[in-house]
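The figures that follow rest on heavy atoms only: side chains count, while hydrogens, waters and symmetry mates do not. Sequence lines set the chain letters: A, B, ... in the order given, protein chains first and strands last, and positions in each chain run from 1.
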Number of protein chains: 2
Amino acid sequence: MAEVAEDPEDISESPAAPGSHGLHETSSGPQSKKRNAFAELMAPKPKAPKPDAYSGRSSAGARSPSHKNSRGKTTKLKWSGALVEYIDHPDRFPQQVIRVTDKTVLIRDAFPKATVHLLLLPRSPAHHDLHPHQAFEDRDFLAMMRDEAASAARLAAAELKRKLSTFSASSKARNEAMDKGVPFDQLPEGRDYLSDIRIGVHAHPSMDHLHVHIISCDMHSDKVKHRKHYNSFNTPFFIPLEDCPLAEDDERRKTSFQNANLSKGFVCWRCGQEFGNKFAELKRHLETEFEQWKKE
Amino acid sequence: MAEVAEDPEDISESPAAPGSHGLHETSSGPQSKKRNAFAELMAPKPKAPKPDAYSGRSSAGARSPSHKNSRGKTTKLKWSGALVEYIDHPDRFPQQVIRVTDKTVLIRDAFPKATVHLLLLPRSPAHHDLHPHQAFEDRDFLAMMRDEAASAARLAAAELKRKLSTFSASSKARNEAMDKGVPFDQLPEGRDYLSDIRIGVHAHPSMDHLHVHIISCDMHSDKVKHRKHYNSFNTPFFIPLEDCPLAEDDERRKTSFQNANLSKGFVCWRCGQEFGNKFAELKRHLETEFEQWKKE
DNA sequence: TATTCCGATAGTGAC
DNA sequence: GTCACTATCGGAATGAG
């Protein structure tokens with residue numbers, strides 16, 4: 001089991017104060033002002049007054065991903081292609097982008113399915129349009145992504161700690177011991193947040209561009225609204241990065257296997273309880289599990 | 001086409017003031033005070049605070065049809081058997097019961113599917129448990145029911161007139177001519193409300209006891225909430241009393257025909273427009289048709 | 001082809 | 001296996017001092 005001994009970089013979610021963390025490689029400058037150009041595109045739509053049919057335009061709805069081309073015409077973007085915007089223009093999304101390197105961009109998932117949910121995006125055009133099964137056959141690329149993902153997971157664990165430690169019994173024990181001056185090597189372990197972070201890809205990603213999920217295991221999110229939201233992370237449809245590249249004959253390559261998993265009955269990630277097709281019951285159960293899990 | 005030349009008995013809906021119309025054969029007396037015993041049973045449940053699981057009892061919910069037997073034990077009644085209460089104890093339901101004779105009880109449908117919606121219930125135990133197809137093979141019984149239904153339809157037409165005449169162009173024309181002293185035989189016709197009243201039974205009734213619907217054609221009611229609510233009155237599933245008794249080989253006797261009609265796409269009763277399975281669109285359309293129809 | 005509540009499912013639109 | 005909205009479809013309960 002890996003441990004989180006150090007206290008890694010903070011990735012607080014507060015609105016990006018200019019230069020607050022200084023992790024961006026690309027410059028921002030005046031673009032900071034129009035940072036919402038795409039960020040808001042994918043954000044949940046604010047509750048708007050019910051649109052009377054044929055009434056005027058809505059006031060504050062989210063926009064679908066579009067941009068003006070060189071002649072000023074508006075062009076539709078495929079929704080499944082949206083991630084490339086983060087790859088090509090990470091500076092435009094200071095609130096979403098956590099870290100940028102030559103090779104990767106690390107962002108927050110716009111619709112997080114758990115308490116912490118990040119996406120690691122490779123920037124290499126030679127790889128980022130490939131299906132993960134194919135891209136990860138490049139062992140150098142895979143090694144790079146594993147390193148970056150491991151780093152991202154430490155960030156995620158730190159974020160998780162920031163969000164949960166006030167509830168955590170084991171964190172509290174360690175902190176109290178520390179306050180009492182207990183020598184470092186005699187401190188209780190404290191909570192291993194990294195062990196609750198999972199790294200992997202979907203067997204059949206819905207977004208065109210290669211992305212690795214770095215996600216806490218709790219599935220506690222109001223963005224978990226459908227069967228596939230849950231099952232894509234809690235069945236073999238979720239492929240740990242460690243399993244990559246998949247063997248040629250791995251059943252997870254088969255569409256039938258993927259569909260079968262996505263349509264399975266629900267099983268609690270923590271206690272294994274089955275909920276059949278009763279999504280609402282699962283959701284209520286996840287609430288209670290979350291309350292317990294927080295306190296570990 | 002039948003006409004409504006006279007102004008038949010009023011059947012106003014206001015809470016039954018004792019003796020206000022004097023149509024009841026059976027006495028009321030002290031029972032008027034406990035008249036809600038069954039009336040409220042079938043009434044829509046008032047909005048109650050969302051019941052938190054395992055929270056206390058709800059405050060004012062409707063009750064299901066039950067009664068105490070001789071030993072004071074509560075007995076569940078089948079929901080489909082509820083109409084017999086009106087037949088056996090019409091005096092208990094002064095608000096619902098419009099007219100009582102030796103042979104029939106005329107009531108308001110507890111969940112009216114149109115502006116006017118009455119039910120004619122035969123009291124004869126020899127008939128009221130039979131399927132309509134069988135009961136109406138007794139020609140004397142059928143003749144009696146037709147007479148009673150025709151009378152009920154005149155009441156319904158009068159009720160419809162009471163509700164609509166303030167909107168009706170043809171009623172207005174007739175009234176204005178009358179005010180001007182136009183001779184009776186030269187008055188414009190006025191609106192024929194009776195022609196908008198339909199009399200019939202369902203091909204397969206859901207309630208156990210024989211009942212004939214006397215219903216205005218508009219289907220304008222917030223109690224029309226489901227496909228079958230609409231289609232049971234607007235497909236051959238609805239059998240005009242004139243068609244009774246059905247021939248031995250009439251297709252409307254076949255369950256498959258009945259089911260096929262109940263699951264048909266929606267067709268506007270007035271303009272014939274089709275709405276497929278889009279119930280909500282049908283409902284919106286019915287609103288606009290009602291506005292037009294009122295003004296005829 | 002009782003009503004009602006709740007919830008699962010299905011189709012659509014997004015510039 | 002985008003999200004969010006609307007609407008359709010499906011089961012279960014329906015009592016009670």
Side-chain angles (χ1 to χ4, degrees), chain A residues 41-48 50-51 53 58 61-68 73-83 109-111 202-208 223 225-229 231-233 237 255 258-259 261-263 266 276-284, chain B residues 41-48 50-51 57-58 61-68 72-83 109-111 113 131 201-209 211 223 225-229 231-233 235 237-238 255 258-259 261-263 276-283:
Chain A
L41 303 186
M42 301 299 287
K45 186 180 291 189
K47 272 277 191 286
K50 175 172 274 187
S58 65
R63 287 159 198 154
S64 58
S66 65
H67 71 99
K68 310 211 171 191
K73 289 261 188 147
T74 296
T75 303
K76 275 181 224 178
L77 294 182
K78 271 187 69 184
W79 293 91
S80 59
L83 291 179
D109 192 292
F111 302 91
H202 283 157
H204 184 84
S206 62
M207 302 296 276
D208 291 344
K223 297 300 188 301
K225 294 178 176 177
H226 304 293
R227 181 190 301 272
K228 290 169 184 176
H229 290 161
N231 280 354
S232 66
F233 288 100
F237 190 92
T255 299
Q258 295 163 4
N259 289 336
N261 276 288
L262 289 176
S263 56
F266 301 109
N277 297 332
K278 295 176 178 175
F279 183 76
E281 281 188 22
L282 169 73
K283 288 287 287 182
R284 285 187 288 266
Chain B
L41 303 186
M42 301 299 285
K45 188 179 290 191
K47 272 275 191 290
K50 176 172 270 185
R57 67 196 119 183
S58 66
R63 287 154 200 160
S64 61
S66 64
H67 70 101
K68 309 212 171 187
K73 287 263 189 142
T74 297
T75 305
K76 279 180 211 169
L77 293 182
K78 270 187 69 185
W79 295 92
S80 58
L83 291 179
D109 192 294
F111 302 91
K113 302 301 190 292
H131 194 287
V201 297
H202 284 158
H204 185 84
S206 62
M207 300 298 273
D208 292 344
H209 296 86
H211 55 286
K223 296 301 189 300
K225 294 178 176 176
H226 303 293
R227 180 190 302 273
K228 289 169 184 176
H229 290 161
N231 280 354
S232 65
F233 289 100
T235 67
F237 190 92
F238 185 82
T255 299
Q258 296 162 4
N259 289 336
N261 277 289
L262 288 176
S263 56
N277 297 332
K278 294 178 179 175
F279 184 76
E281 282 187 21
L282 169 73
K283 289 287 287 182

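- Backbone-only contact: K113(B) has heavy atoms under 4.0 Å from sugar-phosphate atoms and none from a base.
- Rounded to whole angstrom, the span from the NZ atom of K278(B) across to the C1' atom of dT8(D) amounts to 12 Å.
- Taking the six-membered ring where the residue is Trp, the centroids of F237(B) and H204(B) are separated by 6.0 Å or more.
- Look at NE2 on H226(A): it is 15 Å from P on dG7(C), rounded to the nearest Å.
- Counting to the nearest Å, the P atom of dG11(C) and the NZ atom of K228(A) are 11 Å from each other.
- No contact: H211(B) has no heavy atom under 4.0 Å from any strand.
- Proximity note for R284(A) (side chain, C-beta onward) versus dA4(D), dG7(C), dA7(D): the nearest is dG7(C).
- Within 4.0 Å (heavy atoms only), H131(B) reaches no atom of the nucleic acid at all.
- Side-chain N/O atoms of K225(A) include one lying less than 4.0 angstrom from OP1 or OP2 on dA4(D).
- The side chain of H229(A) sits closest to dG1(D) out of dG1(D), dT4(C), dG7(C).
- What separates CE of M207(B) from C1' of dT3(C) is a distance of 10 Å, to the nearest Å.
- Within 4.0 Å of H202(B), counting heavy atoms only, lie sugar-phosphate atoms of the nucleic acid but no base atom.
- Pairing partner, dT12(C): dA4(D), with both Watson-Crick or wobble hydrogen-bond distances short of 3.5 Å.
- Between S80(A) and dT2(D) there is no side-chain polar atom (N or O) within less than 4.0 angstrom of OP1 or OP2.
- Remark: R227(A) is in phosphate contact with dT9(C), judged by side-chain N or O atoms under 4.0 Å from OP1 or OP2.
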